[in-house]
Amino acid sequence: MALVYIVEDDMNIREIEGFSLKNAGYHVEEFGCAKDFWERVNQKMPDIILMDVMLPDEDGLTTVGKLRQRSDTRRIPVIMVTAKTSEIDRVKGLDIGADDYLVKPFGVMELISRVKALLRRTMNLNDSKTYSLGEIQMDDEKREVTVAEEKVDLTFKEYELLKYFMNNVGIVLKREDIMVRIWGTDYEGESRTLDMHIKTLRRKLGESGSRIKTIRNVGYRME
């Protein structure tokens, strides 16, 4: 069943949403602020997000805007949830990239129905993914990478590493975030493993490997 992330600072509302969706058969993870949400997104992607507009550290509209700017999260369906009822607020949410809108108070059945409907519309669109950057082509459905039309053989971790970079072109990725995302650990003693994989990945990509830039004392960025 689909994984739903609920981002809502009101604990009572969050618990009702979570309880309802779990009873409907969905896997649910709940967050009370944007910071916790972003930390989890960098580890595991949800299938759909319920995003409250009013959050304590970052408003939901800003968060959705950031989601739409990242290539790895731009296709995740988002339902904005807010107590605001004016038309202009709904328009802002949809214009920034939200897929649907729920105004508080709403019924449990309406919530579940909206989630089901949005997942039906978007799930099939996310099944097949291809990435392209210069001479680098990645077909995630075939798990195949080519550079200048020549196939490149990558190990599982090298492939996942390249995919993470291709999903975040132009964004500086911190070493600890890469370790958590690819290896499931942020243990600093393992960072040597990351350096070695970056070195071999650059070599296998040939001249295109120079697109992976080292950001000193921070991490890496793909240009």
Side-chain angles (χ1 to χ4, degrees), residues 5 7 34-47 49 51 55 57-78 93 95-99 122 125-150 152 154-184 186 188 191 193-223:
Y5 280 4
V7 190
K35 178 179 179 293
D36 293 342
F37 165 74
W38 283 118
E39 288 179 356
R40 185 57 175 151
V41 165
N42 288 329
Q43 298 172 12
K44 185 176 180 64
M45 296 288 176
D47 295 300
I49 299 168
M51 178 69 64
L55 295 173
D57 53 347
E58 178 179 85
D59 69 86
L61 294 176
T62 299
T63 304
V64 173
K66 291 180 179 179
L67 286 167
R68 294 304 180 238
Q69 291 172 2
R70 283 176 46 165
S71 58
D72 60 337
T73 59
R74 67 178 53 160
R75 294 184 180 89
I76 299 176
V78 177
D95 283 348
I96 205 72
D99 300 280
T122 59
L125 297 177
N126 294 329
D127 287 344
S128 177
K129 291 184 179 180
T130 58
Y131 307 92
S132 177
L133 181 64
E135 294 186 325
I136 305 173
Q137 302 290 324
M138 173 177 275
D139 187 329
D140 197 34
E141 195 170 44
K142 298 179 180 178
R143 289 190 68 86
E144 184 175 280
V145 175
T146 60
V147 177
E149 300 184 356
E150 293 290 329
V152 178
L154 301 178
T155 65
F156 179 82
K157 292 299 185 183
E158 289 168 353
Y159 180 91
E160 291 300 313
L161 190 57
L162 177 60
K163 181 180 175 181
Y164 191 32
F165 282 132
M166 297 284 277
N167 270 318
N168 295 278
V169 173
I171 298 174
V172 177
L173 301 176
K174 296 180 180 179
R175 296 174 65 88
E176 55 267 31
D177 291 339
I178 298 174
M179 291 300 301
V180 169
R181 183 63 180 271
I182 306 302
W183 280 274
D186 59 357
E188 292 184 1
S191 61
T193 298
L194 172 59
D195 295 333
M196 292 180 65
H197 277 76
I198 292 291
K199 181 178 179 179
T200 58
L201 179 58
R202 282 171 170 160
R203 176 175 54 79
K204 290 183 179 182
L205 294 176
E207 293 183 2
S208 295
S210 62
R211 290 182 176 272
I212 303 175
K213 305 295 184 182
T214 300
I215 308 302
R216 191 174 180 181
N217 297 324
V218 180
Y220 296 93
R221 179 182 64 224
M222 192 161 200
E223 299 179 345

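Heavy atoms only: backbone and side chains are in, while hydrogens, waters and symmetry mates are out.
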Next on the checklist: Using a 3.5 Å distance criterion without hydrogens, assess whether the side chain of Asp177 forms a donor-acceptor pair with backbone atoms of Leu173.
Outcome noted: no

Checklist outcome for this item: Rounding to 0.5 Å, atoms CZ (Arg75) and CG (Asp99) come to a distance of 12.5 Å

Checklist entry - When you check the gap from the basic side-chain N to the acidic O, do Arg143 and Glu160 get nearer than 4.0 Å? => result yes

Item to check | Intermediate values then yes/no, side-chain contact (heavy atoms from CB on, under 4.5 Å), Phe37 and Glu58 | outcome: CA-CA 11 Å; Phe37 165 74; Glu58 178 179 85; over 6 Å; no

Checklist entry - Shortest non-hydrogen contact from Gln137 to Ser132? => result NE2-OG, 2.8 Å

Next on the checklist: Measuring only between side-chain heavy atoms, which start at C-beta, is Val169 closer than 4.5 Å to Tyr131?
Outcome noted: no

Item to check | Verdict with reasoning, Val7 to Thr63, per side-chain contact (heavy atoms from CB on, under 4.5 Å) | outcome: CA-CA 10 Å; Val7 190; Thr63 304; over 6 Å; no

Checklist entry - Can you tell me how far CG of Leu194 sits from CE of Met196, rounded to the nearest 0.5 angstrom? => result 11.0 Å

Checklist entry - Quick one: are Ile49 and Leu67 in side-chain contact, heavy atoms under 4.5 Å? => result yes

Item to check | Arg175 side chain to Val218 backbone, donor-acceptor under 3.5 Å | outcome: no

Next on the checklist: Testing the basics here: between Arg70 and Asn168, what is the closest heavy-atom pair and its distance to 0.1 Å?
Outcome noted: NE-OD1, 3.6 Å

Checklist entry - Does any N or O in the side chain of Asp139 come within less than 3.5 Å of the main-chain N or O of Thr130, such that one atom is a donor and the other an acceptor? => result no

Checklist entry - Do any N or O atoms from the side chain of Arg68 and from the backbone of Ile96 form a donor-acceptor pair under 3.5 angstrom? => result no

Checklist entry - Under the criterion side-chain hydrogen bond (donor to acceptor under 3.5 Å, both in side chains), which of Lys163, His197, Lys204 is the partner of Glu158? => result Lys204

Checklist entry - Does the Asp57 side chain pair with the main chain of Lys35, one donor and one acceptor, at a distance under 3.5 Å? => result yes

Checklist entry - Which heavy atom of Val64 sits nearest a heavy atom of Gly97, and at what distance? => result CG1-C, 4.0 Å

Next on the checklist: Return the NZ to OG1 distance between Lys157 and Thr193, rounded to the nearest 0.5 Å.
Outcome noted: 10.0 Å

Next on the checklist: With no hydrogens and no angle check, just 3.5 Å: does a side-chain donor-acceptor pair link Tyr220 and Asp195?
Outcome noted: yes

Next on the checklist: Within this structure, what is the CG-CG distance for the pair Leu205 and Leu133, rounded to the nearest 0.5 Å?
Outcome noted: 10.0 Å

Checklist entry - Any donor and acceptor pair, going by atom type alone, linking the side chain of Arg221 with main-chain N or O of Ile171 inside 3.5 Å? => result no

Next on the checklist: So Phe165 and Met138, do their side chains get closer than 4.5 Å, heavy atoms only?
Outcome noted: no

Next on the checklist: One pair to check against side-chain contact (heavy atoms from CB on, under 4.5 Å): Leu162 and Met222. What are the steps and the verdict?
Outcome noted: CA-CA 9 Å; Leu162 177 60; Met222 192 161 200; 3.8 Å; yes

Next on the checklist: What's the separation between atom CG in Leu201 and atom CG in Leu154, rounded to the nearest 0.5 Å?
Outcome noted: 6.0 Å

Checklist entry - Going through the checks in order, is the side-chain contact (heavy atoms from CB on, under 4.5 Å) test met by Asn42 and Lys174? => result CA-CA 11 Å; Asn42 288 329; Lys174 296 180 180 179; over 6 Å; no

Next on the checklist: Using a 3.5 Å distance criterion without hydrogens, assess whether the side chain of Lys213 forms a donor-acceptor pair with backbone atoms of Ser210.
Outcome noted: yes

Next on the checklist: Contact between Arg202 and Thr214 at the side-chain level, heavy atoms closer than 4.5 Å - yes or no?
Outcome noted: yes

Next on the checklist: Atom CD of residue position Glu135 - does it have more than 12 heavy atoms of other residues, nucleotides or ligands inside 6.0 Å?
Outcome noted: no

Next on the checklist: Around atom CD of Glu207, are there more than 12 heavy atoms from other residues, nucleotides or ligands closer than 6.0 Å?
Outcome noted: no

